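Everything quoted here is computed from the prediction, not taken from an experiment.
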Amino acid sequence: MKKIEAIIKPFKLDEVKDALHEIGLKGITVVEAKGFGRQKGHTELYRGAEYVVDFLPKVKIEVVIEDALVERAIEAIQKAAHTGRIGDGKIFVTNVEEAIRIRTGERGTDAI
């Protein structure tokens, strides 16, 4: 099993969710996040005063899936979240040693 974490622009969430649903993913976790990468934020004007917005709004999606679906999920996220502009986000893939469904006690891929 693998855990895929994707940090994307908030307005791309519905497209990514739909793309993951199309490949057969049953569930995702979504967390609102703030951060910056190479874009390093930007300056804005408010009532005539300039201020720096360091942390930009992002959305973090987490999915745990069986190994066979990993590449398809990565491709789906990449295509759906892509705008071609700086700040499109990142995808991280890590190994998951165990998953346990609390309600039934199922383990491994049966739990996801």
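Pairs engaging residues 13-22 under the side-chain hydrogen bond (donor to acceptor under 3.5 Å, both in side chains) rule: K12-E15 [sequence neighbours left out]. Applying the salt bridge (Lys or Arg N to Asp or Glu O under 4.0 Å) test to residues at least two apart or on different chains, the pairs with a partner in residues 90-112 are E98-R107, R101-E106.
Remark: E75 pairs with no residue by the side-chain contact (heavy atoms from CB on, under 4.5 Å) rule, at least two apart or across chains. By the side chain to side chain donor-acceptor pair (under 3.5 Å) test, T109 pairs with no residue at all, sequence neighbours left out. Take I7 and apply the side-chain contact (heavy atoms from CB on, under 4.5 Å) test, not counting sequence neighbours, and it matches K58, K60, F92. Not counting sequence neighbours, the partners of K2 by the side-chain contact (heavy atoms from CB on, under 4.5 Å) test are D67, V70, V93, N95. Partners of K79 by salt bridge (Lys or Arg N to Asp or Glu O under 4.0 Å), not counting sequence neighbours: none found. For E66, there are no side chain to side chain donor-acceptor pair (under 3.5 Å) partners two or more places apart in sequence or in a different chain. When the side-chain contact (heavy atoms from CB on, under 4.5 Å) test is applied to A19, the partners found at least two apart in sequence or on another chain are A76, A80.
With hydrogens and angles disregarded, no donor-acceptor distance shorter than 3.5 Å links the side chain of D88 to the backbone of H82.
The line from CD1 of I8 to CD1 of I61 is 3.5 Å long, rounded to the nearest 0.5 Å. Rounding to the nearest 0.5 Å gives a distance of 10.5 Å between CD of E71 and CD1 of I23. Here M1 contributes atom CE and L69 contributes atom CG; the two are 13.0 Å apart, rounded to the nearest 0.5 Å. Between K26 atom NZ and I65 atom CD1 the span is 11.5 Å, to the nearest 0.5 Å.
For the pair Q78 and I91, the minimum side-chain heavy-atom distance is below 4.5 Å. Inter-residue side-chain proximity for V59 and K9 is flagged as unmet; no heavy-atom pair is nearer than 4.5 Å.
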Run the side chain to side chain contact (heavy atoms under 4.5 Å, CB included) check on V63 and L25 step by step: do they pass? CA-CA 8 Å; V63 294; L25 234 63; 3.4 Å; yes

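Residues near I102 contribute nothing to a hydrophobic cluster around it, because no ILVMFWY side-chain heavy atom sits closer than 4.5 Å to its side chain.
Across all their heavy atoms, I77 and A6 have their closest contact at CG2-CB, 3.9 Å. In terms of heavy atoms, I112 sits closest to V64 at CD1-O, 3.7 Å.
Using a 4.5 Å cut-off between side-chain heavy atoms of Ile, Leu, Val, Met, Phe, Trp and Tyr, with links allowed through other members, V16 and I28 fall into the same hydrophobic cluster.
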